[in-house]
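Here is the structure we will look at, set down as structure tokens.
Just so it is clear: chains get the letters A, B, ... in the order the sequence lines come, proteins before strands, and each one is counted from 1. The analysis underlying the following values was restricted to heavy atoms, covering all of them including side chains, and did not include hydrogens, waters or symmetry mates.
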Amino acid sequence: MFNIWYFLLRGLQTSAPVAYGALAGVYSETGGIVNIAIEGMMLTGTFFFVWGAIAFKSWIMGVLFAILGAVLLSILHGIATITFKVNHVVSGTAINLLAMGLTRFMSMQIFGMETQTPVNSYIPPRLFGINILAYFYIALALLTIWIFRRTRFGLRLRSCGENPWGADSLGVNVYAYKYAGVILSGVLAGLAASSLYPNQWIAEMTAGRGYLSLAAMIFGNYNPLNAVLAAMLFGYAETLRYFSAQIPFLVNVPSTLIQSFPYVLALVVLAGFLGKTRPPKADGVIFEKGED
Amino acid sequence: MCPVAETKEAPLIELRGITKVFPGVVANDDISITLRKGEIHALVGENGAGKTTLMKILYGEYKPDKGEIRVKGQPVRITGPSVAISHGIGMVHQHFMLVPGLTVLENIILGSEPAKGGVLDTAEARKKIEAIMAANAMPVDLDVDVEKLPVGLQQRVEILKLLYRGAETLILDEPTAVLTPQETNELFKTLRALKEQGKGIIFISHKLDEVIEIADRITVVRRGRIVGELPVQEATKAKIAEMMVGKPVLMEIPVPEVNVGDEVLTLEDVTFVEDGVKKLDGITLTVRSGEIYGVAGVEGNGQEELLKVVSGEYRPTSGKVMFGKQAVNSLDPLRRRRLGLGHIPADRQKQGLFINMPLYINAVVGWQWQDRFSRRGILNYKNMRTTAKEVVEKYDVRTPSVEVPANALSGGNQQKFIVGREISFDPTLLVAAYPTRGVDIGATEFIYRQLLEEKSRGKAVLLVSADLDELLTLSDRIGVLYRGRIVKEFSREEVTPEKIGFYMLGGREE
Amino acid sequence: MSARTTAQSRERWYRILEGSAPVLGFLFAMLVMLVVVELIGESPSRAISAIVRFSFSQAGIAYIFSQAMPLIIAGAANAVAFQGGIFNIGVEGQYLFGALCAGVAGAYLSLPTYLHIPVVIIAGMLGGMLWVLLPAFLKVYKGVHEVISTIMMNQVASALVLYLVLGPFNGVRGQSLNLRTPFLKDTAVFPSLHDVINSITRLFGYEFPRYVAVDFSWLISALVIIGTWYLLTRTALGLKIRWVGQNPHAATYAGVDVRKTIFTTMMISGAIAGLVGLQSVAYISKYFTPNIARGLGFTGLAIALLARNNPIGVVFAGLLFSFLNRAGYGLQLYTRVPNSLIGAISGLMILSVVVIDQLLRRYVRNLRRKEVGQNV
């Protein structure tokens, strides 16, 4: 029997990594830094989670480690794009390559296995059968909207993504806010990683979810809540595969194809339903102080 | 505390011996100026004379290599805009520094936000700003996206930003460049009121009439040095102009008498609609051979669209564009160039050049399709280099060679290169958009002569400019563009700046 | 006259300086690698000798060259795209789908050799082009960034080839772990080029062993490189591609149809990408399998970045990455350093190359400004 409640809960969990990832994108791009590196940050985060959880026998340490791993890469992305003014997409791509090698190398060094870790039993607690982290991202999106609209930090971060020269002329430390945006992006990528599959790390296990997060962010027109809702659209599409045997029109669709549903859906959405998006005006633009 | 400063009031701002060197250029060479309370001090000079650099040093955006800044008699080190702001110094940049996507209120408070524990206190900010707006008669709607305001109001927001921060010294860099004559009057009213309150204002301009009208004192800068300072009572236009350029300026360029020939460009009832907005609304005009047709108007009234409809980047929604007798509505820019269109673009860096590519490639931009540059899809670099060298030599472009990338050239030389390129291909119709924007007087005069030369050779020139003097000097006829319409057309004989200004603002014939 | 020649020699020096980032980045990454080797308790000199021993043996050199071929093609596919301002992260999916198409064309069609091989090649190219068609359309008409759309296409390609090889194009009877299409017909299999290549290399006292793939795909790689080099530097289309890549506004002003050029660029890139898997499909295994080596598209991206999108540079960068792969195995075999270190180091190398490149360009730009300042 198709259990609608179970489907809804399961979908909430499946959506979590993409939803946190989409928020990660929102923080970075609101500050004007295009962040393709979310994929690599999530991948590193997944490894660090398992490492931290096993080493300290605690899922909380797992989450902290996941955040640490993702943040380290986000700082690297910041150094390349903000301090050294490298093209954002180029830096992000290089970091993704780095993450793929780095996680394998660390897994080999720490666990003696290159493409997977041992099973980790220190996973976040479950509430109604799903990862407890899956209950927070909608609230986090609302909190983010509040931060952007109502706090000094949010106002300044937005100004750096829209017109960094203007912000600079008013004494706002543009470089610092851009770093803050990217680093927060890393924190959220760490949460995305913690909500993905904390039982074990497997090489390249993020399988493009970081990029899917960016698609959700674009579809949500850079608005935190809409980005999360778009992520949930993709997440529920992915959830269908667990239920395909119970859903009449999916029974005969091979499972290999159902796997690609969220990606196909993302393409369909981008092709057919994407209205005019308004990215921050200086998103991806290299900011230089006048004299450099 | 310095006793002298208290007894005899020290000037608001003193700059002493400021020197600033950029790679290859001395931007400021031992400059000293002062600004007193309740004074409007104009800084005039050509583009590139070093005025903006000096002000950016005062505002903390550049570090001086030498020299001292004193605020109210106290030496200070201004290491960044926030330090300048804390010393009561504020600056309105030539290109506005407003943040799109933020409301007027957010723009005003940005960087000096009243907040409790990081949470914005917008109620308090609103109260404070409303008080300032009331005191200075400068109302603006605080809750609209600043992007949506007209330029005059955007500038008002910029000034409110300074007043909100309690600025006593206001630096305005070319504030009137983007304003209509009437908006300028409004601005001047505001400035006089601020002066009455004891603010000091530094006013940067190269429009001499305005300077004489508004300033108390005038300092002239040339090539990074001060060439003189005089009270406004002693100033005349001719005197300032002479100081600016160092030699008597040729105020009148001889305009050749040319017999006007056939229509080269005709627009018939051209309308262009974008996102439901009529950017061009029933434009009808003709440019004939041997004639320069000037288009006047406040920027943003359809100039960009007009240029693109003529160049072929946009297709008109309705109406007819004709080159000679041929309708070209459906022809793309390339095909129009094949019919003899030359085009000096509005933005040389963004449109006219590939700044990272060598000059010999830039020499054929727009003309790359000619047989001598590419035959059956294969490029001929030898001919490109030859052409580039011709342009460089004939149009006096200062460059070490044609192998260097375009970004190695100064702005004026880039512009001369583009003008030379477009003319050297011998077009029958030359579209010139803001041909001397950001170019020094020497190069400006050179470019004027080239355009007039084209006219005497029987070419048709469509000149779009924001500079009324330029339009009046060069044009045989002038059309005034307002909200996408040519609201009035003047011949050279009947035109005056006042008449143009009246129509630029949407005035109508009674 | 002498002023002109010094200006020219100075310009040449600037070019060299601007172009030296890949070398410096490589050296930096190698330095970091040796430090890491030291840190994990292995001796750097042992590591170096392991790399040299394993990479520069007769077999080592042969494998480096042979395995560089798909990398060079993937690098060229990315370089063309980059030159046109496009990030084709979808080379991955494009070669996967292209390889499937080539495999199917080779297995199911019956043609004489002189037709069958070209058909297999064209099938690969068409497969790659088909897989970039939607992203190209989205880019041109919807403004969807190609990084997002091509990544999605990669995921879809993975699922689709699996489905197709499980279903309609399954070449395995009964149960088998090695999922694959049917074997290619003999007429579709690439010929070996051992004799031709060895007749040249013998002059230098070297011979490629028979067990290393020296095949028709070498010729394809060479043609791809010469073709992209010629396209980008000698043709009007190439100039348009570079213009659009550098500044679409200026390209529009110059009368270039920017959308059409972007579309063309993506199609060319996709067609080249479709060739990446051919060595595996049409020579080494003689069938298509979803287990075909993955990640070449991403390595190709790194190669293009390292080569600064210069097709000739792609050859060297491709060989370098092939060498790094080999070096990784050498380390794994003879020392306690795992193979994956090389993967991490390549990522770091790309990052340092782009950072150094940026710094050098700025430095040279300032030098040029100074020079022009003096001249005026």
Is C/Ile342 in contact with chain A via its backbone, its side chain, both, or neither, using a 4.5 Å heavy-atom distance? neither
Heavy-atom proximity to chain A below 4.5 Å, by part of C/Leu138: side chain
Just by modelled atom types, is the A/Phe105 backbone N or O under 3.5 Å from a matching donor or acceptor in the C/Ser340 side chain? yes
With a 4.5 Å cut-off on heavy-atom pairs, point out which of A/Val264, A/Ile95, A/Ile258, A/Val89 contacts chain C the most. A/Val89
Cut-off 4.5 Å, heavy atoms of chain C, and the answer for A/Ala271 is both
Where on C/Val147 is there a heavy atom nearer than 4.5 Å to chain A: the side chain, the backbone, both, or neither? side chain
Ignoring hydrogens, what is the shortest heavy-atom contact between C/Met153 and A/Leu267? Give both atom names and the distance. SD-CD1, 3.3 Å
In terms of heavy-atom pairs under 4.5 Å, which option from A/Met106, A/Glu114, A/Met100 contacts chain C the most? A/Glu114
Start with the C-alpha distance between C/Arg294 and A/Glu204, add both sets of side-chain angles, then the distance that settles side-chain contact (heavy atoms from CB on, under 4.5 Å), and finish with yes or no. CA-CA 12 Å; C/Arg294 298 284 180 95; A/Glu204 279 101 69; over 6 Å; no
With a 4.5 angstrom heavy-atom cut-off, could you sort out which part of A/Leu270 is near chain C: side chain, backbone, both or neither? both
Which pair of heavy atoms, one from A/Tyr263 and one from C/Met152, lies closest together, and at what distance? CD2-SD, 3.6 Å
Greatest number of non-hydrogen atom pairs under 4.5 angstrom with chain A, of C/Ile350, C/Leu162, C/Val156, C/Leu341, falls to C/Leu341
Counting only heavy atoms closer than 4.5 Å, note whether C/Leu351 contacts chain A via side chain, backbone, both or neither. both
Please flag which part of C/Leu166 lies under 4.5 Å from any non-hydrogen atom of chain A: side chain, backbone, both or neither. side chain
Answer with side chain, backbone, both or neither: which region of C/Gln332 has an atom nearer than 4.5 Å to a non-hydrogen atom of chain A? side chain
With chain A, the option among C/Pro338, C/Pro135, C/Gly167, C/Gly343 that has the most non-hydrogen atom pairs under 4.5 Å is C/Pro338
Most contacts with chain A, counted as non-hydrogen pairs under 4.5 angstrom, among C/Ala157, C/Gly347, C/Ala344: C/Ala344
Is C/Leu359 in contact with chain A via its backbone, its side chain, both, or neither, using a 4.5 Å heavy-atom distance? side chain
Contacting region of C/Ser149 [heavy-atom separation from chain A under 4.5 Å]: both
Could you tell me the separation between the CE atom of A/Met217 and the CD1 atom of C/Ile148, rounded to the nearest 0.5 Å? 6.5 Å
Check step by step if side-chain contact (heavy atoms from CB on, under 4.5 Å) holds for C/Ile356 and A/Phe84. CA-CA 9 Å; C/Ile356 294 169; A/Phe84 290 114; over 6 Å; no
Give me the atom names and distance for the closest heavy-atom approach of C/Ala159 to A/Leu257. O-CD2, 4.3 Å
Where does A/Thr93 contact chain C at under 4.5 Å (heavy atoms): side chain, backbone, both or neither? side chain
Near C/Tyr163 OH, under 6.0 Å, is it more than 12 heavy atoms from other residues, nucleotides or ligands? no
Tell me which of these, A/Ala207, A/Gly101, A/Gly40, A/Ala80, has more heavy-atom pairs under 4.5 Å with chain C than the rest. A/Gly101
A/Ile218, part contacting chain C, at a heavy-atom distance under 4.5 Å: side chain
Measuring heavy-atom distances to chain C, does A/Asn96 have an atom under 4.5 Å in its side chain, in its backbone, in both, or in neither? neither
Minimum heavy-atom separation for A/Leu97 and C/Phe298, please, with both atom names. CD2-CB, 3.8 Å
Using heavy-atom distances under 4.5 Å, tell me whether C/Leu305 contacts chain A through its side chain, its backbone, both, or neither. side chain
Bottom line for C/Val337: the part with an atom under 4.5 Å from chain A's heavy atoms is neither
Around C/Tyr329, counting heavy atoms of other residues, nucleotides and ligands shown, do more than 12 lie under 6.0 Å from its OH? no
Heavy-atom contact with chain A under 4.5 Å, split by part of C/Val144: side chain
Tell me, side chain or backbone of A/Leu212 under 4.5 Å from chain C's heavy atoms, or both, or neither? both
Could you go through the side-chain contact (heavy atoms from CB on, under 4.5 Å) check for A/Glu288 and C/Arg362 one step at a time? CA-CA 12 Å; A/Glu288 257 184 285; C/Arg362 267 155 212 276; 2.7 Å; yes
